Amino acid sequence: MSKTKYVYSFGGGKADGKADMKNLLGGKGANLAEMASLGIPVPAGFTLTTEVCTYYYDNNRKYPSTLAAEVDKAMAKVEKTMRTKFGDPKDPLLVSVRSGARSSMPGMMETVLNCGLCSATIPGLIKKTGNPRFVYDAYRRLIMMYSDVVMEKAAGIEPAEGQGIRQQLDRILEKVKEKGGYASDAEIPAEKLEKLCDRFKAKVKQVLGKDFPDDPKKQLWGGIGAVFSSWNGRRAVSYRRIEGIPDDWGTAVNVQAMVFGNMGDDSATGVAFTRNPATGENKFYGEWLVNAQGEDVVAGIRTPNPLNEDTKNEQNEHLPSLEVAMPEVYKELFAIRNQLEKRYTDMQDIEFTIQNGRLWMLQTRVGKRTGTAALNMAMDMLKEKLIDKPTAVLRVKPEQLDELLHPIVDPKAEAKADLIAKGLPAGPGGAAGQIVFSADAAVKWTRQGKTVLLVREETNPEDVEGMRAAVGILTGRGGMTSHAALVARGWGKCCIVGAGALDIDVVGKTIKVDGRTFKEGDVLTLNGTRGLVYVGQLDMIDATENPRFVDFMKLADRIRAMKVRTNAETPEDARTAIDFGAEGIGLFRTEHMFYGKGSEQPLFILRKMIMAGSESERRKILKELYPFVKRDMKETLEVMGSRPVTFRLLDPPLHEFVPQNETERKELAKALGVSVEELDRRADELHELNPMMGHRGVRLGITFPEISEMQFRAILESAAEIRKDGGKCFPEIMVPVTCAKEELDVQLASARRIHAEVCKKYGVKKVEHLYGTMIEIPRAALTAGEIAKTCEFFSFGTNDLTQMTFGFSRDDIGGFLPDYLDKKILAVDPFQVLDRDSVGELVKTGIDRGRATRPDLKVGICGEHGGEPNSVEFCHLVGMNYVSCSPFRVPIARLAAAQAQINHPRK
Ligand code: ADP
Ligand code: MG
Ligand code: MG
């Protein structure tokens, strides 16, 4: 039996792994291997595979028996390449222990730098480098990271807010800086750092009750164990839930020779994007810090320097760029940038370190980007022939379109607004909301229906859920590659970082600026595109369509197999939807004309109709209602032209239409010529205990056929008139809330009768239309074979279908859904993302049985799911003809449908 290989080496121009081995080596490990093979300077190292992680969790947190020997062997290789030895007192090799999941989880998991420093190796390293300041700086960082990651987090200790070991050590560091008057870490002299390390170790012992390990091997294995256990840490778990990353993927661990950006002024560390991640511009973009290590740039501790001219902004333009400070290194980095883009054919997010003037690459991965940048890069790279058309279409996530079509602050309002601060434009668009100062508050307030902006000094991975909940994020510190910026950009969320003028006090929950104070709950507006912070609530407008977007959508439209329709009830909505690319209306809710502007008159007539005492009275009132219904239908048909329009018969929640107040009831009684008491009695009769499953939909048409008849007539007469005038239109009649074929037969018979009458009236042989039903009750899906005998099309009403499949009331789900998500009972809200296992099975069954009866059965979806990318993909997979969604989601559905076709081609 061949043994499983658990450890993969890289370095010295060679590697065991390569870029496409992400599943096994994690993204970081696979790409380090790839870079090493490409001859790019990468410190040597090795990767413990994700299979070790899976094994570890499957075997009660034990490692495979062969692992230790493999690690020793791989370490020996690193030692050979780097010509130093791990634990050697004279010339010690130090390593980093880095996490690396399959798909990047920025900042979610743990990394420990400088492993291998201990009382035995410190003197040797000082002698070798002649730089005690550097050695003690590296050592104090090791103590901070290791005590936090390994001794506290991985040990499952959950300290009180602000009492984490890292924060406690940070406070000691801050005090030393304050006392000595040092502006930055880099100014603390060696002796002070040495003493600081002793104080750190004493504090660790005092707080965690354990000695800081003084043995390199112990540190190494402590680090490895901590990375594996960080996979199940709270932040990593919640990030996976938001991003939909399966729990069983596991993480890899990378052990890599340390290189040092903190060895003096010819050393540095930096991060860069091969193109601008905010705008997509084809310009190398990055930040760096001299004499610093690892996370310093991302942590937003100092304002980082610009990489080059193109990266300068108001915050950093006074600082020297790498291009100017170290031109040779910059040139080499620029060449690597080009090499990586060619190899990966996508924008890369890279980490590098310069040790005594020598460049080392530490990471490359596909970079997160805003929707705008994604669009621009896709179109540019297509033009550069770096990628083909389908690849370009796959490069923009459907959700990112949201952001392209999203509101921005109205420039007119902005011109007069009260500007309080300027920061870096880290996430695009505009957002206004009440300010809160903690992630918890952001989540809580949002659940209460409030709109909030999350304000922090800087964010860290513990804030992600709050960042998700908030409509916008504002930080006082940090650059364009800070945590807040990275996360916001990934989500396309409005975000401003580094608004340094703001004095943010998260404990006292205030922002102070220019003698003014803003408290929790006060309203601010952010312009994330320009980095401007305003007082109060400013108006928003829609971002205007840009020609690139139009071109991009054309590419997508040529590929997709499904049509995309919209849910619209008014001529105005229909027009908007056409602008967004809708190819028809999949759901016209007739009852909509009884809500909102201009609804008073039809609503009053509808109420009369509901309260009518007899059929003849009802028929009379329906005649009054008829012109209103027909007007809306006809105008909408006219706007849509030859595009199909599905009219759903009235499905009004009757109880909602019963007037509640005294005056209205009096008025209505008068109009009907009955006493108020009689009206009250009729209203009581209409009262239902469970209206959602009550007298609605087709049931109404069964008890009151005249209500359906009126609508059949309105639809068919509208169509007849339009065609007579030489126009085009295509109506589809849709019966809602069906559970049996027989209901549809009864309704169809009356539709036929009306059709004959209309033909006679207009002197035509027929008024072309389709007759079909909504499938929104499980029984209808299961008996679809029968139903298809009567129906020419199905439209899956997945809102109700989800409600009835889960037994979750749509209107009351807010009470328990958050718990279901928190406790991971459900991965997502099934009303947002179609549940393939249950609702999806019903849909699939319905389609298969329906088409077995009627092969050319037209099938679509008209629930909220029709505009949700994952659900759209499902609709494609089960062979639907179209999806229908709200006008603003139409572009998202178009793109999702195209991507579904690229990933799963169908004829
Ligand atoms: P993350 O996944 O959070 O980015 P990383 O493993 O990339 O974590 O490490 C955190 C920081 O430490 C990064 O800035 C990285 O470049 C730096 N780093 C990691 N390993 C080394 C190393 N061997 N030498 C120098 N810096 C390193
Ligand atoms: Mg990290
Ligand atoms: Mg990294």
Side-chain angles (χ1 to χ4, degrees), residues 10-11 25-32 35-36 41-48 75 78 81-82 84 86 93-117 134 137-138 141-142 144-146 148-149 153 220 223-224 226-227 230-231 233 235-236 239 251-263 267-273 286-289 291-301 304 348-356 358-368 460-462 464 479 481-483 486-487 490:
F10 58 83
L25 303 179
K28 204 178 282 169
N31 289 332
L32 283 169
M35 283 200 289
V42 171
F46 53 88
T47 305
L48 283 68
M75 185 64 98
V78 175
T81 313
M82 302 306 284
T84 54
F86 190 60
L93 167 70
L94 303 189
V95 296
S96 62
V97 180
R98 319 173 65 186
S99 60
R102 268 198 226 183
S103 80
S104 109
M105 299 167 60
M108 283 304 121
M109 306 218 324
E110 309 300 355
T111 288
V112 181
L113 304 180
N114 308 331
C115 278
L117 275 179
F134 150 71
D137 184 53
R141 289 172 193 265
L142 170 67
M144 289 177 99
M145 278 186 256
Y146 193 93
D148 169 42
V149 171
K153 287 209 180 81
L220 173 67
I224 291 172
V227 171
S230 72
W231 177 254
R235 335 178 255 173
Y239 187 87
T251 180
V253 177
N254 302 288
V255 176
Q256 187 176 25
M258 283 300 302
V259 287
F260 302 100
N262 53 338
M263 267 199 181
S267 299
T269 181
V271 295
F273 296 89
E287 296 174 331
W288 67 292
L289 276 175
N291 200 8
Q293 189 173 55
E295 314 259 68
D296 292 0
V297 179
V298 193
I301 293 166
Q348 299 291 298
D349 167 354
I350 60 182
E351 292 175 2
F352 61 91
T353 281
I354 299 158
Q355 176 177 329
N356 302 133
R358 183 161 170 205
L359 176 66
W360 294 94
M361 296 300 294
L362 288 163
Q363 191 169 336
T364 188
R365 64 182 169 209
V366 172
K368 301 219 180 211
N460 65 50
E462 261 127 42
V464 277
T481 49
S482 65
H483 177 261
L486 231 56
V487 172

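Counting starts at 1 for both ligands and their atoms, following the listed order. Note that the structure is predicted; figures quoted are calculated from it, not measured. When reading the values below, keep in mind they use all heavy atoms of this one structure, side chains included, and skip hydrogens, waters and symmetry mates.
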Evaluate side-chain contact (heavy atoms from CB on, under 4.5 Å) for Leu48 paired with Ile224, printing each intermediate quantity in order.
CA-CA 9 Å; Leu48 283 68; Ile224 291 172; 3.8 Å; yes

Evaluate the criterion side-chain contact (heavy atoms from CB on, under 4.5 Å) for residue pair Met258 and Gln293; output intermediate values, then yes/no.
CA-CA 10 Å; Met258 283 300 302; Gln293 189 173 55; 3.2 Å; yes

Residue pair Asp148, Lys153: steps toward the side-chain contact (heavy atoms from CB on, under 4.5 Å) verdict:
CA-CA 6 Å; Asp148 169 42; Lys153 287 209 180 81; 3.0 Å; yes

As a quick check of understanding, evaluate side-chain contact (heavy atoms from CB on, under 4.5 Å) for Lys368 and Asp349, giving each step before the final call.
CA-CA 8 Å; Lys368 301 219 180 211; Asp349 167 354; 6.0 Å; no

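The shortest N or O to N or O distance between Gln363 and ligand 1 is below 3.5 Å. For a threshold of 3.5 Å applied to N or O pairs, the pair formed by Thr353 and ligand 1 contains no separation below that value. When only interatomic distances are considered, the shortest N/O to N/O separation between Thr111 and ligand 1 falls below 3.5 Å.
Residue Met258 holds the heavy atom nearest to atom 22 (C) of ligand 1 of all those in Met361, His483, Glu110, Met258. Nearest residue to atom 12 (O) of ligand 1 from Leu113, Val253, Asn114 is Leu113 (criterion: closest heavy atom).
With a 4.0 Å heavy-atom cut-off, ligand 1 is reached by the backbone of Ala257 but not by any atom from C-beta on. With a heavy-atom cut-off of 4.0 Å, Gln293 does not touch ligand 1 at all. Contacts between Leu362 and ligand 1 below 4.0 angstrom, taking non-hydrogen atoms only, involve the side chain exclusively.
The atoms of ligand 1 that sit less than 4.0 Å from any heavy atom of Val259 are 24 (N), 25 (C).
Considering all non-hydrogen atoms of both residues, Ala252 and Leu25 come closest at CB-O, 3.2 Å. Annotation for Met145 and Thr111: closest pair SD-O, 3.7 Å, computed over non-hydrogen atoms.
For the residue pair Gln348/Asn31, the side-chain donor-acceptor check at 3.5 Å is not satisfied.
Tested against Ser267 for a side-chain contact (heavy atoms from CB on, under 4.5 Å), the candidates Val259, Asn356, Thr353 yield a single pass: Asn356.
Glu110 is not listed as a side-chain neighbour of Ser99, based on a closest heavy-atom distance of 4.5 Å or more.
Near the Mg ion (ligand 3), less than 2.8 Å away, sit the protein N, O or S atoms Glu351 OE2, Gln363 OE1.
A donor-acceptor contact shorter than 3.5 Å links the side chain of Gln256 to the backbone of Pro43.
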